[in-house]
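The structure appears right after this line, and notes come after that.
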2 protein chains.
Amino acid sequence: MSSTASYRGRGRPRAFAEDEALDRAIRVFWEHGYEGASLSDLTAAMGINKPSLYIVFGSKEELFKRAVARYRDTYVAYAAGTLEEPTAYAVIESYLRAAVDALTGSDHPPGCLTIQGGLSCAPSNSGISEHLAGFRAVFEGELAQRLARAEKEGDLAPGTDTAALARFVVTLGQGLAVHAAAGAGREDLQAAVDVALRAVAAYLPSGSPVTPAAETAEA
Amino acid sequence: MSSTASYRGRGRPRAFAEDEALDRAIRVFWEHGYEGASLSDLTAAMGINKPSLYIVFGSKEELFKRAVARYRDTYVAYAAGTLEEPTAYAVIESYLRAAVDALTGSDHPPGCLTIQGGLSCAPSNSGISEHLAGFRAVFEGELAQRLARAEKEGDLAPGTDTAALARFVVTLGQGLAVHAAAGAGREDLQAAVDVALRAVAAYLPSGSPVTPAAETAEA
DNA sequence: CCACATTGCAACCGATCGGTACAGAACCTG
DNA sequence: CAGGTTCTGTACCGATCGGTTGCAATGTGG
């Protein structure tokens, strides 16, 4: 929206598309992290120069936050969709499967921007790692709520520690991201997800509506 | 060993203990990562100045690798011990429990140096992230070998994908490290381990020699 | 007590960091 | 086409980066 809204019809028109420049910045931050991505790297990849970057995005930190927000709306958009699955097991399965696919996709850097972006930073950049940590916590909260609902609806065994189950799932997801960033392949990670789903199956109620045993066969 | 071996009895004696300086460097790298830790930060924490650092450790990169090696021999020494446990389940349980305790210990930074140290770096520092990735892969290999032995010895169900099981365990461990770095508490992470152990229990042979159900009660 | 080996420290090195000032190019309105 | 407005590109800013030099300080062996 803001890419054209700021153009009021007067003056020299902008020579680049803001969203595309942001997409390219995402890649650089994704590959090298916040501190590993210099302004020179960024402007070279974005095809603009530093004054333009400064005018449009304000600062390197604001550019990064804009990049993370756009990253969420594009590369991580699948996550919200998985919460719509009908059962807790289906939610977790589809999330982990989709996460592996997203983390190992061939048309972008491996891993996850919200982890590689800045797990730990210089003292002056501590806001970056905190921003990312808060960002990651949001989905864990949403998943925990979804699983609590599932427990009430009866597709998780009564008394299940849904917060712990959600934390397990996102923790595994973050581990998958670390592994993917180090070069692990899709099949290897899906096999690890197979194991994790065995744990989830243990929390299904007695008359389990799904047949989780089918998962191990497809991989 | 090398802290005193270079002293040949002639000349001014060194005013600092090499291992203690290394311990302090570990903390700085642990908190801020390789790129987030400047030489000024390091020398200030180590209590030495730059020429001394350069003479003893060669460069920032060599200092980091020395720090990682010492980190392994001290803070991660517990991991090798867990492989000595008698059964696959005991190995995995003791490893994950000990990992959570190590990741959330109060007398050092939270998380794991081998992940926060440099998950992704500037292009000129790509050797750092590769070094750490290779370092992490070592334990996964050792655990996979240990679990393969367990499958032969009969305390894992025949036909178990031991490589996938090992990958699941270390992947979860890495996720725990990310979570711990973001401030997660010990109990929260142990609850996630409770869930994970349910998955492991699914791979035990029919007449399971251990009673994994006891785990959920103690937390 | 002297010659020598080694360390500690301050000051400095070129390069690069994130961020800007300024001048000219490109567009709209009138 | 003139006037106003906005963007682009170059060249530059102080600060800091990792790394190094030269020298005074401090110790040992003869």
Side-chain angles (χ1 to χ4, degrees), chain A residues 2-22 24-25 28-29 32-67 117-118 121-128, chain B residues 2-18 20-21 24-25 28-29 32-67 117-118 121-128:
Chain A
S2 58
S3 66
T4 54
S6 64
Y7 183 65
R8 283 174 284 170
R10 281 205 265 242
R12 182 173 177 172
R14 202 160 279 168
F16 62 94
E18 188 169 323
D19 285 345
E20 180 172 338
L22 209 45
R24 301 199 190 183
V28 178
F29 283 131
H32 304 128
Y34 179 77
E35 294 182 330
S38 70
L39 279 192
S40 303
D41 296 333
L42 289 164
T43 53
M46 298 165 81
I48 67 178
N49 35 43
K50 288 195 272 186
S52 299
L53 188 152
Y54 188 77
I55 288 218
V56 177
F57 298 104
S59 69
K60 186 187 180 185
E61 179 163 351
E62 289 182 54
L63 169 64
F64 181 75
K65 291 183 178 175
R66 286 278 307 273
C121 291
S124 58
N125 293 326
S126 61
I128 297 294
Chain B
S2 58
S3 68
T4 55
S6 64
Y7 183 66
R8 283 176 286 172
R10 281 205 263 242
R12 183 175 175 174
R14 202 161 278 167
F16 62 94
E18 188 169 324
E20 180 173 340
R24 301 199 190 182
V28 179
F29 283 130
H32 304 128
Y34 178 77
E35 293 182 330
S38 70
L39 280 193
S40 302
D41 296 332
L42 289 164
T43 53
M46 298 166 81
I48 67 179
N49 35 42
K50 288 195 271 187
S52 299
L53 188 152
Y54 188 77
I55 288 214
V56 177
F57 298 104
S59 69
K60 186 187 180 185
E61 180 163 350
E62 290 181 53
L63 169 65
F64 181 76
K65 291 182 178 175
R66 286 277 308 274
C121 292
S124 58
N125 293 326
S126 61
I128 296 294

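Residue numbering restarts at 1 for every chain, and letters A, B, ... go by the order of the sequence lines. Computed over heavy atoms, backbone and side chain alike; hydrogens, waters and symmetry mates excluded.
Computed from coordinates, the Leu53(B) CG to dT6(C) P distance equals 19 Å when rounded to whole Å. The nearest whole Å value for the distance from the CD1 atom in Ile55(A) to the P atom in dT6(D) is 10 Å. The distance between atom CG of Asn125(B) and atom C1' of dC17(C), rounded to the nearest whole Å, is 14 Å. For Glu35(A) and dT16(D), the CD to P distance is 15 Å, given to the nearest whole Å. The separation between His32(B) atom NE2 and dC17(D) atom P is 12 Å, rounded to whole Å. Regarding Lys50(A), its NZ atom lies at a distance of 17 Å from the P atom of dC22(C), rounded to whole Å. Residue Tyr34(A) contributes atom OH, which lies 13 Å from atom P of dC17(C) at whole-angstrom precision.
Position along DNA chain C of the nearest nucleotide to Pro51(B) versus Ser59(A) favours Pro51(B) as the more 5'-ward residue.
Here the closest non-hydrogen pair linking Ala122(B) and Glu35(B) is N-OE2, 2.7 Å. When all heavy atoms of Gly36(A) and Pro123(B) are compared, the pair lying nearest together is O-CD, 4.1 Å. The minimum heavy-atom distance linking Phe16(B) with Ala21(B) is given by the pair CD1-CB, 4.0 Å.
Taking only side-chain nitrogens and oxygens, Tyr54(A) comes nearer than 4.0 Å to OP1 or OP2 of dT20(C). In this structure, Asn49(A) reaches the dG9(D) phosphate: one of its side-chain N or O atoms is under 4.0 Å from OP1 or OP2. Between Ser52(B) and dT7(C) there is no side-chain polar atom (N or O) within less than 4.0 angstrom of OP1 or OP2. Residue Arg14(A) places at least one side-chain N or O under 4.0 Å from the OP1 or OP2 atom of dC7(D).
Between Arg66(B) and Glu62(B) there is no salt bridge, since no side-chain nitrogen of the basic residue lies less than 4.0 Å from a carboxylate oxygen of the acidic one.
Within 4.0 Å of Lys60(B), counting heavy atoms only, lie sugar-phosphate atoms of the nucleic acid but no base atom. Residue contacts for Ala122(A): at a heavy-atom cut-off of 4.0 Å it reaches no nucleic acid atom on any strand shown. Residue contacts for Phe57(B): at a heavy-atom cut-off of 4.0 Å it reaches no nucleic acid atom on any strand shown.
Taking CD1 of Ile48(B) as the reference point, atom CG of Leu42(B) lies at 9.0 Å (rounded to 0.5 Å).
Judged by distance alone, with hydrogens and angles left aside, the side-chain atoms of Lys60(B) form a donor-acceptor pair with the main-chain N or O of Tyr34(B) at under 3.5 Å.
Considering only residues two or more places apart in sequence or on other chains, Glu61(B) meets the salt bridge (Lys or Arg N to Asp or Glu O under 4.0 Å) condition with Lys65(B).
Between the base of dA5(C) and the side chain of Arg12(B) there is no donor-acceptor pair shorter than 3.5 Å.
Within residues 38-47 of chain B, the residues having any heavy atom closer than 4.0 Å to DNA chain D are, in order of number, Ser38(B), Leu39(B), Ser40(B).
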